[in-house]
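Contents: one structure, followed by commentary.
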Amino acid sequence: MENCDILIIGAGIAGLSAAYELSNFANVIVLEAENQPGYHTTGRSAAIYTRNYGNQDIRTLTRASHGFFTSSAQGFSDHPLLSPRGALFIAREDQLKTLDTALADAQAKSAAIQRLNVAETIEINSALDPDYFSASLYEPDACDIDVHSLHNGYRAGLLGRNGQVAVNSQVHSISHQKGYWKLSSRAGDFSAPILINAAGAWGDVIAAMAGVRPVGLVPKRRTVFTFVPPPELNISHWPLTLDIDEQFYFKPDAGQVLASPADETPSPPCDAQPEELDIAVAVDRLQTATTLKVSRVANKWAGLRSFVADKTPVIGMDDEVEGFFWLVGQGGYGIQTAPAIAIAVAELINTGNLPEMLTTMGLQAKHLCPGRLR
Ligand SMILES: Cc1cc2nc3c(=O)[nH]c(=O)nc-3n(C[C@H](O)[C@H](O)[C@H](O)COP(=O)(O)OP(=O)(O)OC[C@H]3O[C@@H](n4cnc5c(N)ncnc54)[C@H](O)[C@@H]3O)c2cc1C
């Protein structure tokens, strides 16, 4: 039996970023079922940082993460974690009301965003069909995230502070005795007074294993594919381009075009795989909105974005079972919010309070706690 202060289940971005912050003051072990940390949702994202995405709590966590991304600790990563991309939200005539509501909302929060007409939009992304849409919103400071460097930076930093990541360590039983969690995994037995559930799509499965009431987590499959654009097309400067109602999006990705139908199909927790029908829907929407033709899909994948009912992450100590801490439900925003969430986890465990940087932005622990869902 290996003992520590805090055990974390899941070495995706949530588990490793929290472990990194906690290892400042605690002895932490992260248990990961797969051979490769990041194999599930973390390794399958679109790698975008945008302030104009998700509900108000998500937006607060995204804004609060920016400082870490741009000035993270010396030696954390050899590469910048953010690089300029921009985001263009396009709207057809029948979607203009949504566009204007989104504009007013963003402006109320002083987000840098501007409304563009068709000609101005085409200057930014020449692949769009001018007859398809009527206007757009442009967020110039949206960025690509170097997810690999972020995830690796957290892992290396954790190891540097004597934390551990045990891969091939699927947890198969959990018990709570005399104030200690005892976990049996493929790699052996572990024990700690605090257990953090950062198991992504498996969050409610882990809760059930631990005898904790679930929070109603629903994993939803999202599909992505890439294709090679015509050689004469310079795509590198294109922004992420999204339908304002999130019916599809596309962006440049390592010389190819990455596209998604922005599907949200409920799924049991699993190793999600792309369905041909979802790819066909994405191809159809993309070819309708742009002058692009998809002749051959180069690569395709799917991942699970997990949500609870109000689409705000579940972060906090369980209110019914001692020492069980929830860190799930990051939905489609778990990379861009990871730095602030990790700092929040460490502060909640250390002091019982959210960090001031979040409370001054209007976020309260009751917005995040599992108790709100019961
Ligand atoms: C197509 C797509 C696009 C996305 N785009 C973006 C984006 O542009 N920006 C953004 O911020 N977010 C995006 N997201 C969302 C983001 O990827 C997720 O919010 C984030 O990766 C969730 O991280 P996680 O650590 O909670 O989950 P995961 O990465 O899934 O990690 C959970 C880990 O728990 C492990 N685990 C489960 N059960 C056990 C067990 N019994 N024992 C041991 N280990 C266990 C799993 O093996 C897994 O590795 C996207 C997601 C998808 C699918």
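Side chains included, hydrogens not; waters and symmetry mates left out as well; all remaining heavy atoms used. Read the numbers this way: they start at 1 and go in the same order the structure lists the ligands and their atoms.
- Aromatic ring centres of Tyr249 and Phe89: separated by at least 6.0 Å.
- Here the CZ-CG distance, from Phe325 to Leu195, works out to 11.5 Å after rounding to the nearest 0.5 Å.
- Expressed to the nearest 0.5 Å, how far CZ of Phe248 lies from CD1 of Ile90 amounts to 4.0 Å.
- Listed by atom number, the atoms of ligand 1 under 4.0 Å from Gly200 heavy atoms are 26 (O), 27 (O), 32 (C).
- Summary of contacts: the protein heavy atom closest to atom 15 (C) of ligand 1 is Gly331 O, 3.3 Å.
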Quiz prompt | Intermediate values then yes/no, salt bridge (Lys or Arg N to Asp or Glu O under 4.0 Å), Arg222 and Asp278 | solution = CA-CA 9 Å; Arg222 175 152 293 187; Asp278 293 321; over 6 Å; no
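- If you look at Trp181 and Phe190, their ring centroids are not closer than 6.0 Å.
- Listed by atom number, the atoms of ligand 1 under 4.0 Å from Ile335 heavy atoms are 10 (C), 11 (O), 12 (N), 16 (C), 17 (O), 21 (O).
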Throw together a table of side-chain donor-acceptor distances under 3.5 angstrom for residues 350-365, partners on residues two or more places apart or in other chains.
unit_1, atom_1, unit_2, atom_2, d
Thr351, OG1, Glu347, O, 2.8
Thr351, OG1, Asn353, N, 3.1
Thr359, OG1, Glu356, O, 3.2
Thr360, OG1, Glu356, O, 2.9
Thr360, OG1, Met357, O, 3.3
Gln364, OE1, Lys366, NZ, 3.4

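- Residue contacts with ligand 1 for Gln336 involve both N, CA, C or O and side-chain atoms from C-beta outward (heavy atoms, distance under 4.0 Å).
- Heavy-atom proximity to Val224, at under 4.0 Å, picks out these atoms of ligand 1: 1 (C).
- Between Ile13 and ligand 1, an N or O atom pair is found at a separation short of 3.5 Å.
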Quiz item: Which is it for Asp141 and Arg85 under the salt bridge (Lys or Arg N to Asp or Glu O under 4.0 Å) test, yes or no, and what are the steps along the way?
Solution: CA-CA 7 Å; Asp141 52 8; Arg85 172 57 57 209; over 6 Å; no
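- Between Gly334 and ligand 1, a contact under 3.5 Å exists for at least one N or O pair.
- Among residue pairs with one or both ends in residues 281-302, those qualifying as side-chain hydrogen bond (donor to acceptor under 3.5 Å, both in side chains) are Glu276-Lys300; sequence neighbours excluded.
- Proximity of Tyr333 to ligand 1, defined as any heavy-atom pair under 4.0 Å, is confined to the backbone N, CA, C and O atoms.
- Protein heavy atom at the shortest distance from atom 7 (C) of ligand 1 is Ile48 N, 3.6 Å.
- Protein heavy atom nearest atom 39 (C) of ligand 1, with residue, atom name and distance: Ile9 CG2, 3.9 Å.
- Residue Ala198 touches ligand 1 through its backbone alone, judged by heavy-atom distances below 4.0 Å.
- At under 3.5 Å, not a single nitrogen or oxygen of Ile145, backbone or side chain, sits near a nitrogen or oxygen of ligand 1.
- The line from OH of Tyr20 to CZ of Arg155 is 15.5 Å long, rounded to the nearest 0.5 Å.
- For ligand 1, the atoms sitting less than 4.0 Å from at least one non-hydrogen atom of Glu34 are 47 (O), numbered in the order shown with element in parentheses.
- Which parts of ligand 1 touch Trp202 is read off a 4.0 Å heavy-atom cut-off, strictly below it: atoms 37 (C), 38 (N).
- Using a 4.0 Å cut-off between a side-chain N of Lys or Arg and a carboxylate O of Asp or Glu, Arg51 and Glu139 do not qualify as a salt bridge.
- The shell of residues lying under 4.0 angstrom from ligand 1, judged by heavy atoms, includes Ile206.
- Here the OG atom belonging to Ser77 is positioned 8.5 Å from the CG atom belonging to Leu150, to the nearest 0.5 angstrom.
- In Met209, neither the side chain nor the backbone holds a heavy atom less than 4.0 Å from any atom of ligand 1.
- Protein heavy atom closest to atom 51 (C) of ligand 1, with residue, atom name and distance, is Arg305 CG, 3.5 Å.
- In terms of protein heavy-atom proximity, atom 23 (O) of ligand 1 is closest to Thr42 OG1, 3.3 Å.
- Among protein heavy atoms, atom 42 (N) of ligand 1 sits closest to Val171 N, 2.9 Å.
- Residue-level proximity to ligand 1 for Thr223 is absent, since no heavy atom of it falls below 4.0 angstrom.
- A salt bridge does not link Lys220 with Asp263: every distance from a Lys NZ or Arg NE/NH1/NH2 to an Asp or Glu carboxylate oxygen is 4.0 Å or more.
- Ligand-side atoms of ligand 1 in range of Ala46: 3 (C), 4 (C), 5 (N), 6 (C), 8 (O), range being under 4.0 angstrom from any heavy atom.
- In terms of N/O distances under 3.5 Å, ligand 1 is approached by Thr41.
- One option in Ala166, Ala199, Ala47, Gly15 has a heavy atom closer to atom 36 (N) of ligand 1 than any other, and that option is Ala199.
- Protein heavy atom at the shortest distance from atom 10 (C) of ligand 1 is Gly332 O, 3.4 Å.
- In terms of N/O distances under 3.5 Å, ligand 1 is not approached by Thr337.
- Relative to the six-membered ring of Phe307, Lys311 meets both conditions, a distance below 6.0 Å and an angle of at most 45° to the axis.
- Taking every non-hydrogen atom of His40 and a distance limit under 4.0 Å, the qualifying atoms of ligand 1 come out as 30 (O), 46 (C), 47 (O), 48 (C), 49 (O).
- Relative to atom 43 (C) of ligand 1, the option among Ala33, Ser65, Ala201 with the closest non-hydrogen atom is Ala33.
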Exercise. For the pair Glu320 and Arg213, evaluate salt bridge (Lys or Arg N to Asp or Glu O under 4.0 Å) and give the outcome as yes or no after the intermediate values.
Key: CA-CA 8 Å; Glu320 298 171 347; Arg213 266 212 291 161; 2.5 Å; yes
Quiz item: How far apart are the C-alpha atoms of Arg59 and Asp105, what are their side-chain angles, what is the distance that settles it, and do they pass the salt bridge (Lys or Arg N to Asp or Glu O under 4.0 Å) test?
Solution: CA-CA 11 Å; Arg59 289 173 191 221; Asp105 197 38; 3.8 Å; yes
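- Atom OG1 in Thr121 sits 7.5 Å away from atom CG in Leu128 (nearest 0.5 Å).
- For the atom pair CZ (Arg305) and OG1 (Thr265), the distance works out to 11.0 Å, reported to the nearest 0.5 Å.
- When hydrogens are left out, the protein atom nearest atom 35 (C) of ligand 1 is Glu32 OE1, 3.4 Å; that is the closest non-hydrogen contact.
- No part of Pro269 comes within 4.0 Å of ligand 1, judged by heavy-atom distances.
- The ligand atoms of ligand 1 that sit less than 4.0 angstrom from a heavy atom of Ser169 are 43 (C).
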